[in-house]
Number of protein chains: 2
Amino acid sequence: MDNQDIRKAGLKVTHPRIKILELLENSSQRHVSAEDVYKMLLDNGEEIGLATVYRVLTQFETAGLVTRHNFEGGHAVFELDRGGHHDHMVCVVCGKVEEFIDPTIEKRQREIAKSHGFEMVDHSLIIYGHCSNPKCSVG
Amino acid sequence: MDNQDIRKAGLKVTHPRIKILELLENSSQRHVSAEDVYKMLLDNGEEIGLATVYRVLTQFETAGLVTRHNFEGGHAVFELDRGGHHDHMVCVVCGKVEEFIDPTIEKRQREIAKSHGFEMVDHSLIIYGHCSNPKCSVG
DNA sequence: AATGATGATGAGAATCTTTTTCATTACAAG
DNA sequence: CTTGTAATGAAAAAGATTCTCATCATCATT
Ligand SMILES: [Mn+2]
Ligand SMILES: [Mn+2]
Ligand SMILES: [Zn+2]
Ligand SMILES: [Zn+2]
């Protein structure tokens, strides 16, 4: 994941794009909002406009470098496309995100789509729950 | 699904609530946005404020009368809770929504949540694709 | 390395969805 | 019917994202 990926996407290799890609690679949080990216860049002394962050993230998504998720909360979160597809589990208390992939579910989805005459292009599976942290448990 | 359901939710039986519930029952579209509801009510000659529509839909959701979905598109859609849980398939071209339920997937989700130490409280599964309408097919 | 066409950026305005505020109105219990 | 309290509508506010446009940076070409 380097500047060549930006170039291959038909985009100029600019300072904001380089820094945003670096941040997505090095951030301790895999799943970040545009606002998160903006603020983390500021913390790093990079004064990149919020509009640019939104623009670049959308371009990276189109280029297949980044995936956008619509978790609950009214704002999108983004993550760098490492390896392959996976689904998500989100703690409704602390917001912790776990990733998983289940071949059985993936297979059934394709079958179900087909049986309804749909050509599946994407899917979104999010499990909401209480994570194992005692502070997040129900009782 | 009648006024008693509103009362049982601890809410006063008001004109806006009655009309919104009626509309959700009788609308030809099962999945509607707040804006949709607002406009359809206007078409019926009911001048109910948009803020009230949002408030009531949220209250109905809390009361378990209505379910909210975060499909792509930046706005939530709501549907009356008839019968039980189901998942969704959305055509990325025409927006058509199909519903389905798959016991295998439901079961695997519970197992996966448990294996990650999560207490599942909800989940969202949306398949995006091209529906069988020729206008929506890839070619 | 200098040039120049074109794409990219930043700031702020604009847009879109949803929530909040607050004065007024309507429900429902007595 | 009276009356306390919840509900409503209008408008403002808030939050997320996109757009506009003047300025700037990148990069293919000289
Ligand atoms: Mn992920
Ligand atoms: Mn449905
Ligand atoms: Zn948690
Ligand atoms: Zn379609």
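All heavy atoms count here, side chains included; hydrogens, waters and symmetry mates do not. Naming convention: chains lettered A, B, ... in sequence-line order (proteins, then strands); numbering from 1 in each chain.
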Requested in this report: Determine whether the aromatic ring centres of A:His88 and A:Phe71 lie less than 6.0 Å apart.
Outcome: yes

Query raised in the report: Near A:Glu46 CD, under 6.0 Å, is it more than 12 heavy atoms from other residues, nucleotides or ligands?
Result: yes

Query - Presence of B:Thr14 side-chain N/O under 4.0 Å of D:dT8 phosphate oxygens OP1/OP2 - result: yes

Query raised in the report: Do the side-chain N or O atoms of A:Tyr54 get closer than 4.0 angstrom to the phosphate oxygens (OP1, OP2) of D:dT18?
Result: no

Query raised in the report: Knowing that exactly one of B:His86, B:Gln29, B:Arg68 qualifies, which makes a side chain to side chain donor-acceptor pair (under 3.5 Å) with B:Glu79?
Result: B:His86

Query raised in the report: Got a salt bridge between A:Glu22 and A:Lys19, using NZ or NE/NH1/NH2 to carboxylate O under 4.0 Å?
Result: yes

Report task. Output the single nucleotide from D:dC27, D:dT18, D:dA10 whose closest atom is nearest the side chain of A:Val13. Result -> D:dC27

Query raised in the report: Please give, in whole Å, the distance from D:dT26 P to A:Ile18 CD1?
Result: 8 Å

Requested in this report: Could you state the atom-to-atom distance from CZ of B:Arg17 to P of D:dA6 in whole Å?
Outcome: 11 Å

Query - Minimum side-chain heavy-atom gap B:Ser124-B:His69 below 4.5 Å - result: no

Requested in this report: Using whole Å, report how far CG of B:Leu50 lies from C1' of D:dA7.
Outcome: 16 Å

Query raised in the report: Does some side-chain heavy atom of B:Lys96 sit less than 4.5 Å from a side-chain heavy atom of B:Val90?
Result: no

Report task. Could you tell me the separation between the CG atom of A:Leu57 and the P atom of D:dT18, rounded to a whole number of Å? Result -> 10 Å

Report summary line: B:Arg55 atom CZ is separated from D:dA11 atom P, nearest whole Å, by 14 Å

Query raised in the report: Does the distance from a Lys or Arg side-chain N to an Asp or Glu carboxylate O, for A:Arg108 and A:Glu111, drop under 4.0 Å?
Result: yes

Query - Contact nearer the 5' end of DNA chain C, comparing A:Lys12 with B:Leu11 - result: A:Lys12

Requested in this report: Go through the steps to decide whether B:Arg30 and B:Glu99 satisfy the test salt bridge (Lys or Arg N to Asp or Glu O under 4.0 Å), and finish with yes or no.
Outcome: CA-CA 10 Å; B:Arg30 258 171 120 80; B:Glu99 305 182 331; 3.0 Å; yes

Query raised in the report: Under 3.5 Å, side chain of B:Thr52 to main-chain N/O of B:Ile48, donor-acceptor pair present?
Result: no

Query raised in the report: Relative to the 5' end of DNA chain C, which residue comes earlier, B:Glu35 or A:Thr52, by the nucleotide with the nearest heavy atom?
Result: A:Thr52

**Report entry** Minimum-distance nucleotide to A:His75 side chain [options: D:dC19, D:dG9, D:dA16]
**Finding:** D:dA16

Requested in this report: Would you classify A:Ala76 as touching base, sugar-phosphate or nothing, given that sugar-phosphate means primed atoms plus P, OP1 and OP2, and contacts are heavy atoms under 4.0 Å?
Outcome: sugar-phosphate

Query - DNA chain C: 5'-most and 3'-most nucleotides touching chain A, 4.0 angstrom heavy-atom criterion - result: C:dT6 to C:dG12

Requested in this report: Identify whether any heavy atom of A:Arg68 sits under 4.0 Å from a base atom; if not, whether one sits that close to sugar-phosphate; answer base, sugar-phosphate or nothing.
Outcome: nothing

Query raised in the report: Quick one: bend of the helix from C:dA1-D:dT30 to C:dG30-D:dC1 from 5 pairs per end, to 10°?
Result: 30°

Query - Residues that B:Arg82 engages under salt bridge (Lys or Arg N to Asp or Glu O under 4.0 Å), provided they are two or more places apart - result: none

Query raised in the report: Quick one: A:Asp36 CG to D:dG15 P, roughly how many Å, whole number?
Result: 15 Å

Report summary line: Taken to the nearest whole Å, OH/A:Tyr38 to C1'/D:dA16 is 14 Å

Requested in this report: Send over the distance from B:Glu46 CD to D:dT8 P, rounded to a whole Å.
Outcome: 13 Å

